[in-house]
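See structure below.
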Amino acid sequence: MALPVTGTRIPCYVFEGETPTANYVARVMAHLIQERRSVGRWAVLGLSASSALAGIYRELVRLHREESLDFSRIIVFNMEEFYGLDENRLQHHGRWLREVFLSNVNIRPENIHLLDSSVPPEQVEEYCYRYEERIRRAGGIDFLLLTLGRNGRIAGNEPFSVQRSRTRLAVLDPITRRECAAEFFHEDHVPIQKLTVGIETILSSREIAVVAYGEEFSRAVRAALEEPMSDGVPASFLQQHANAAFYVDEAAAANLTAVATPWLVGPVEWTDDMIKRAVLWLAQQTKKALLKLDGDDFRSHNLHQLLRHHGPAARLAHRVFRQLMDTIQYHPAGRTPIRVLVFSPHPDDDVISMGGTILRLVEDGHEVHIAYMVSGNIAVNDHDVIQIADLVREVNRRFAIDEQKSAELDAQVRRCLAAKQPGQPDDPVVSELKSLLRWSEAKAAAAVCGIPDHQLHFLDLPFYRTGTIAKKPAGQEDLAIVRECIEKLAPAQVYVAGDLSDPHGTHRVCARLIFQALKQIENESGKRPDVLLYRGAWEEWAPHQIDIAVPLSPRDLNLKKQAIFRHESQKDTALFPGPDDPREFWERAEERNRNTAEQYNQFGLPEYFAMEAFRLWDGRVI
């Protein structure tokens with residue numbers, strides 16, 4: 001169900017997750033297509049290529065196959081393309097659109113217009129003019145589907161693009177190149193230019209939909225929807241459009257005023273959660289400890305209604321103080337030994353995000369199992385594989401183990417890597433060696449935490465096995481593997497990565513699979529284990545979101561760092577550190593754990609060295 005947000009300069013609709021958002025937008029597009037066809041008119045679509053839009057395209061394909069949605073009177077233009085990129089490359093926008101959508105419906109080939117990345121430099125200006133002419137002759141774009149960049153870009157229109165711009169060759173912003181680095185396996189491999197339709201072309205479209213998922217886009221969403229129009233945020237130019245709308249999930253909407261601080265927009269329903277959010281926000285705004293808040297603080301920050309119905313101030317402050325105190329738990333699974341299952345999307349997410357808590361669970365005598373959901377092989381540098389091949393060859397030579405086969409392995413690895421183009425999937429042998437490296441690192445890290453090998457489970461989910469950043473949609477095979485793991489171990493407590501800000505989407509996919517499996521188990525058996533959500537690799541829970549906070553001593557944090565250090569392939573030069581924080585993961589984890597403890601201290605609670613935070617799962621499938 002779509003929830004409209006109040007107080008934004010562009011209409012914005014918030015959904016509970018990616019799937020309902022995608023289905024809604026696909027239905028909007030389908031309605032337009034059917035409406036135009038019913039009056040004998042063509043529908044002209046402007047399409048973007050992005051994994052964030054894959055669900056929309058999949059739903060359109062389903063509507064075509066199962067509900068006879070007819071695309072025969074559709075004309076398509078794509079919005080941007082990496083300049084100079086061969087059309088056979090996996091990162092090519094035109095290729096992606098064909099594979100995911102265009103070749104799976106009955107659009108006539110002559111009605112598909114894709115930007116040509118191979119146009120010679122001296123012909124680019126003329127080519128762009130002719131592309132605009134094709135859009136004009138088609139009658140203009142009826143429906144334009146866009147995504148949002150972290151820097152506020154739309155299509156290839158980077159910050160400080162000219163509002164009157166039309167289709168042209170544009171230079172990529174450094175933030176965009178870092179954002180695209182994962183697709184090309186390194187920022188250095190990302191093209192520096194794109195062919196893109198211009199802002200004026202976009203604003204000339206009759207209807208515009210912008211889609212964004214994940215907390216990493218929340219700042220750009222707020223800048224586009226709530227701040228004054230600025231060429232520094234190209235998406236903000238849509239404030240001028242009469243029929244533009246944003247379709248986002250809850251995480252992407254998190255920074256909007258009506259979502260983050262609804263009491264500043266209008267009357268709210270003062271539930272327990274809302275009271276906790278407001279009082280903690282007030283303490284942060286006033287820089288006061290909770291028990292030092294007074295009535296004037298509430299009144300001067302637009303919290304009159306809260307004070308009137310639930311005050312006085314001292315009672316409200318003490319109420320939230322007790323709630324926060326109750327979150328502090330040294331023993332998050334209790335003292336009676338139980339079986340605990342920690343799901344780790346990548347081989348290092350467990351120790352990065354909750355390594356201190358894993359140590360505490362083991363020390364408390366619980367039987368801790370860790371399920372690593374994907375191999376993480378694409379995050380291994382090529383030079384690490386050469387090092388492994390060298391090591392294998394030398395071990396075999398020294399111990400007289402079939403030296404010929406090890407030499408052949410070494411030669412094959414070097415040959416495959418020498419022929420590999422940037423962004424190209426690895427040879428299966430290279431991929432397997434990278435998987436083995438991550439496997440050995442996960443075992444070594446778990447050993448630091450005191451977890452034996454037989455309590456480690458490597459699921460190697462099929463959706464991940466593409467060898468590229470772009471993954472297959474998670475399917476029934478993935479779900480069956482996750483469910484079998486849960487049912488086989490029958491844990492009393494489960495930990496899940498709720499860090500949905502993972503810029504590569506794997507956390508989101510893995511969490512959804514676990515939630516689906518748990519709901520199936522609950523529906524059939526009437527019960528399920530307690531589920532706690534952890535974060536920490538990319539973001540941390542806000543204070544009002546925390547249900548359990550586990551205090552860590554200096555020794556705990558040091559051991560956690562030692563476990564993270566066992567993931568040597570991800571130290572120093574991690575292949576995909578994320579676009580916004582270049583620090584190593586151990587540095588981020590330490591800073592966030594200590595910051596959580598410092599926030600508790602600032603609220604006037606006991607001072608701890610560091611803390612790991614968790615939320616209780618509310619039973620929703622994202």
Side-chain angles (χ1 to χ4, degrees), residues 86 88-92 95 99 181-189 344-349 371-446 453 456-475 477-478 481 504-506 509-510 566-577:
D86 187 275
N88 293 316
R89 292 281 297 278
L90 294 173
Q91 301 85 357
H92 193 273
R95 170 180 171 161
E99 291 181 353
E183 298 176 51
F184 289 85
F185 289 84
H186 200 283
E187 184 179 340
D188 292 344
H189 302 150
S344 181
H346 302 96
D348 55 355
D349 287 319
Y372 300 101
M373 302 185 74
V374 305
S375 68
N377 57 0
I378 63 170
V380 177
N381 285 287
D382 291 345
H383 60 75
D384 287 321
V385 183
I386 293 176
Q387 185 177 342
I388 295 173
D390 281 342
L391 178 62
V392 170
R393 182 174 184 176
E394 185 60 18
V395 167
N396 288 345
R397 186 187 70 78
R398 294 191 184 189
F399 292 91
I401 305 171
D402 205 329
E403 187 174 347
Q404 180 180 350
K405 287 187 176 180
S406 63
E408 291 173 355
L409 173 65
D410 182 72
Q412 182 176 353
V413 167
R414 293 176 183 275
R415 184 171 60 251
C416 292
L417 292 180
K420 177 183 173 183
Q421 296 297 314
Q424 181 180 348
D426 282 315
D427 175 86
V429 170
V430 173
S431 180
E432 185 64 20
L433 284 174
K434 289 184 176 182
S435 297
L436 284 171
L437 177 58
R438 299 300 306 268
W439 168 82
S440 67
E441 290 173 344
K443 290 180 62 177
D453 287 357
L456 305 180
H457 311 273
F458 295 87
L459 305 186
D460 194 20
L461 295 180
F463 84 87
Y464 188 84
R465 301 179 205 156
T466 62
T468 69
I469 297 299
K471 306 304 178 191
K472 297 183 296 184
E477 185 180 5
D478 300 285
I481 292 171
H504 315 308
T506 301
V509 174
C510 289
R566 295 300 187 271
H567 291 275
E568 294 184 8
S569 68
Q570 304 304 296
K571 275 191 76 339
D572 304 323
T573 56
L575 200 53
F576 306 131

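Just so it is clear, the structure is predicted and the values come from calculations on it, not from any experiment.
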**Fill in**
Cys510 and Met373 have their tightest heavy-atom pair at CB-SD, 3.5 Å
**Message:** Whether the side chain of His92 engages the backbone of Arg95 through a donor-acceptor N/O pair (distance < 3.5 Å, no angle test) should be reported.
**Reply:** yes
**Request:** List in chain and number order the residues that pass salt bridge (Lys or Arg N to Asp or Glu O under 4.0 Å) with Asp460, two or more places apart in sequence or in another chain; answer none if no residue qualifies.
**Result:** Arg465
**Request:** Under the side-chain hydrogen bond (donor to acceptor under 3.5 Å, both in side chains) rule, collect the residues that match up with Glu187, sequence neighbours excluded.
**Result:** none
**Request:** Output the distance between atom CG (Leu436) and atom OG (Ser431), rounded to the nearest 0.5 Å.
**Result:** 9.5 Å
**Asked** Considering residues at least two apart in sequence or located in another chain, which fulfil the side-chain hydrogen bond (donor to acceptor under 3.5 Å, both in side chains) criterion with Asp384?
**Response** none
**Item:** Salt-bridge contact Arg566-Asp348 (side-chain N to carboxylate O under 4.0 Å)
**Value:** no
**Sub-4.5 Å side-chain heavy-atom contact between Asn377 and Tyr464** = yes
**Prompt:** Counting only N and O atoms by type, is there a donor-acceptor contact under 3.5 Å from the side chain of Asp427 to the main-chain atoms of Val429?
**Reply:** yes
**Request:** Would you name the heavy atoms of Val380 and Ser569 that are closest together and state the gap between them?
**Result:** CG2-OG, 4.3 Å
**Item:** Whether Tyr372 and Phe458 hold their rings parallel, tilted or perpendicular, with breakpoints at 30° and 60°
**Value:** parallel
**Prompt:** Who passes side chain to side chain contact (heavy atoms under 4.5 Å, CB included) against Asp453, sequence neighbours left out?
**Reply:** Lys443, Leu456
**Item:** For Glu441 against Glu568, the heavy-atom pair lying closest together
**Value:** OE2-N, 3.3 Å
**Asked** Are any of the side-chain heavy atoms of His567 and Pro347 separated by less than 4.5 Å?
**Response** yes
**Message:** If you compare all heavy atoms of Ala474 against all heavy atoms of Phe463, which two are closest, and at what distance to 0.1 Å?
**Reply:** CA-CB, 3.9 Å
**Prompt:** Are side-chain heavy atoms of Asp382 and Lys434 found at a separation under 4.5 Å?
**Reply:** yes
**Item:** Qualifying residues under side-chain hydrogen bond (donor to acceptor under 3.5 Å, both in side chains), relative to Asp188, sequence neighbours excluded
**Value:** none
**Request:** Supply the atom-to-atom distance Leu433 CG to Ile386 CD1, rounded to the nearest 0.5 angstrom.
**Result:** 11.0 Å
**Prompt:** Excluding sequence neighbours, so at least two apart, what forms salt bridge (Lys or Arg N to Asp or Glu O under 4.0 Å) with Asp478?
**Reply:** none
